[in-house]
Amino acid sequence: MPLNISKILWEGPGTISNPTSLNTTVDGAKNGDTYTLSVTDMQGCITSNSISAVIRPVVNPAFDEFISICKGQDVTLPLVSKNGISGFWSPAFDANVSKTYTFTPESDQCGSTFDLNITITDAGPDTSIYICKSTDTAIDLNTLLGKNVNPNGIWNYSGDSIINASQFDISSLNVGNQYFYYIINDPKCKNDSSLITIHLSKNHAGNDSNITLCSSSRDYVNFDSLTGLRDDTGYWIQHTDIDVDLTNTSDVDLSSLTPGSYSFEYIASDGICDPDTAFILIELVKNNVAGPDIYLNQCIGAAIDIGALVNEPFNGGIIDNFAMIPDINNNLWNTSESEDGSFFINYIFKNALPCPSDTAVINIVLQKKSFAGYDTLIHFTCEKISVSLWDYLNPNADMDGIFYLDNLPIQDGKYVIENTPNLTFKYIVGEGHVCLPDTSEITFTKNAKPLLNISAEPKICTGECDKIIINSNAGNGSKIYVTILGNFGQQYKSVFTLSDTINQSFEVCAKETGPYDFNNIEAGNIYTIFIDSPNGISE
């Protein structure tokens, strides 16, 4: 029959927890202590009082704590410890992988569990790891090996052995894949190595830049050269209200920006690393220009305000009288004492760097007042005369004028005077010039035909001279054209201008040897003296 228990009692030297249960815990028990169990049924009868429990100590199994074997080596793990505790191992043994195996004592053994590390003598599997260079400056390479890899190997990088693998400095390594080898040299087992690939990453936005540009050079700005090498996975931020097109950062057009300061940021943000930022500050300096060159034509005597020649929007520069033109004072030039000619003055706008200074050339041309000469009255007696009006101008008159008769220009200044009582020609010089034109008049007045004859026919002996007299009442200033013509074709001419006297004389000599001229003729010939007109027609 089943026993209906009403009470369970344990008695012993220690403290018993949960004494009303068969599953009890004894605190403070010592090796060899005995505990007695009493069970009372529902009727109050004690079933037994002779069941005793003796306390035994928990024993740690004794095994080698570490075993190193060659890969694939057949090994049988002992099922009884060195101190006699039997049990079993888990997990199942694998001779190709380093593992930790746990020994669990049998249930009737007072023993604890035990962990045994069995290391396979190899370098472990190839592996790779991603590391952010900007975060870590040194790493422990040993942590990159597989679990329970033989710790007696050596590290190698780029053909060199690594002395302190637990604090390897990566700050000098380039971003990208870096290859390390872990090498096992074991006399009992085959040599082995594993490849550890470290993928070094770093977000690199390039260099910070602070540049100053002249506003005239803002059409083409190479942002790539400002940041230098950078990751191409980043993006740009503009810290201005101006929308600049950054599609092609090697050619950025900033021409829409007014002079001032503008900031840009390039942010590289990709992968496991923190974002990196490059700051670009561009200072645009206004490029003031001096404006176009200036040309001014003035008449001598004018007062010139040189500063007033430069108009908006180009004012603000300085006048540079580099040619040291006299009579310029505080940019005012009184030209009354100046010579005519072309004069040059610089107008310079000095800009702040890096903008270059700009210069406009002021060219002032001074013209002297035109002079047409004095009025002239000419008396003539011929019925028809061909004249060159240039012959009647004052010697100091300007020679770039034009003759007019009744407001019609006289071509080349030549005119044939017919039987006309009076003719007045106007000579105008300076038309179209800055200075006012000047005018003189040449008036031809016809007189009665004057008396004109030559003294008695002279006979000149060889080596002698004779005076020949021309009698005329043509008046002061009249011109008489005389030709001496020899019987062998010799011809000598001269022109005489009558003075206050009515007679004009000249001397002729006879010579046997030359040279010959109007006053010295060749002896032994017959000569005829003619009174000619200006064009040589005998009269």
**OP:** Decide ring-ring contact (aromatic ring centres under 6.0 Å, His included) for F93 and Y101; before the verdict, give the C-alpha distance in whole Å, the side-chain angles of both, and the deciding distance to 0.1 Å.
**Re:** CA-CA 8 Å; F93 179 73; Y101 297 90; 5.5 Å; yes
**OP:** Show your working on ring-ring contact (aromatic ring centres under 6.0 Å, His included) between W333 and F343 and close with a plain yes or no.
**Re:** CA-CA 12 Å; W333 185 9; F343 301 87; 5.3 Å; yes
**OP:** Apply the test side chain to side chain contact (heavy atoms under 4.5 Å, CB included) to residues Y266 and F223: give CA-CA distance (whole Å), side-chain angles for both, the deciding distance (0.1 Å), then the verdict.
**Re:** CA-CA 10 Å; Y266 181 76; F223 275 33; over 6 Å; no
Original post:
Taking the side chain as C-beta and beyond, is there a heavy-atom pair between L226 and T249 under 4.5 Å?
Top reply: no
Subject >> Derivation and outcome, side chain to side chain contact (heavy atoms under 4.5 Å, CB included), residues N156 and I154 >> reply: CA-CA 7 Å; N156 186 283; I154 60 174; over 6 Å; no
Original post:
Can you tell if the side chain of V175 reaches within under 4.5 Å of the side chain of H204, non-hydrogen atoms only?
Top reply: no
Subject >> Heavy-atom donor-acceptor pair, S215 side chain to V285 backbone, under 3.5 Å >> reply: yes
Original post:
Can you list the steps and then say if I170 with I198 is a side chain to side chain contact (heavy atoms under 4.5 Å, CB included)?
Top reply: CA-CA 10 Å; I170 64 171; I198 297 180; 5.6 Å; no
Original post:
Looking only at atom types and distance, does a side-chain atom of S193 sit under 3.5 Å from a main-chain N or O of Y182, one as donor and one as acceptor?
Top reply: no
Subject >> Test log, rule side chain to side chain donor-acceptor pair (under 3.5 Å), inputs S166 and N164 >> reply: CA-CA 5 Å; S166 62; N164 186 6; 2.7 Å; yes
**OP:** Go through N288 and N351 one step at a time and tell me if the side chain to side chain donor-acceptor pair (under 3.5 Å) criterion holds.
**Re:** CA-CA 6 Å; N288 297 291; N351 290 307; 3.2 Å; yes
Original post:
Do any N or O atoms from the side chain of Y404 and from the backbone of I428 form a donor-acceptor pair under 3.5 angstrom?
Top reply: no
Original post:
What do you reckon, is CG of D74 surrounded by more than 12 foreign heavy atoms closer than 6.0 Å?
Top reply: no
Original post:
Which word best sums up how the rings of Y427 and W390 line up, parallel for under 30°, tilted for 30 to 60°, or perpendicular for over 60°?
Top reply: perpendicular
Original post:
Should the pair H199 and Y130 be assigned to parallel (<30°), tilted (30 to 60°) or perpendicular (>60°) ring geometry?
Top reply: parallel
**OP:** For the residue pair P105 and S86, establish whether any side-chain heavy-atom pair is separated by less than 4.5 Å.
**Re:** no
Original post:
Can you check whether T227 reaches N207 side chain to side chain, under 4.5 Å on heavy atoms?
Top reply: no
Original post:
Near D305 CG, under 6.0 Å, is it more than 12 heavy atoms from other residues, nucleotides or ligands?
Top reply: yes
Subject >> Shortest non-hydrogen separation from G291 to A360 and the atoms involved >> reply: O-CB, 3.4 Å
**OP:** Determine whether I196 and W155 make a side-chain contact, defined as any pair of heavy atoms from C-beta on separated by less than 4.5 Å.
**Re:** yes
Subject >> F88, CZ: over 12 other non-hydrogen atoms inside 6.0 angstrom >> reply: no
**OP:** Check whether any side-chain N or O of T335 sits under 3.5 Å from a backbone N or O of A302 as a donor-acceptor pair, and report yes or no.
**Re:** yes
**OP:** In sequence, state the C-alpha distance, the side-chain angles, and the governing distance for S342 and N363, and then conclude on side chain to side chain donor-acceptor pair (under 3.5 Å).
**Re:** CA-CA 7 Å; S342 185; N363 180 202; 2.8 Å; yes
Original post:
Taking NZ, NE, NH1 and NH2 as the nitrogens, is one of them in K202 or D231 under 4.0 Å from a carboxylate oxygen of the other?
Top reply: no
**OP:** Let me see the working for S158 and D160 under side chain to side chain donor-acceptor pair (under 3.5 Å), right down to the final yes or no.
**Re:** CA-CA 6 Å; S158 296; D160 296 327; over 6 Å; no
Subject >> Donor-acceptor pair, side chain of D126 and main chain of L195, under 3.5 angstrom >> reply: yes
**OP:** Ignoring hydrogens and angles, tell me if any N or O in the side chain of N83 forms a donor-acceptor pair with the backbone of A62 under 3.5 Å.
**Re:** yes
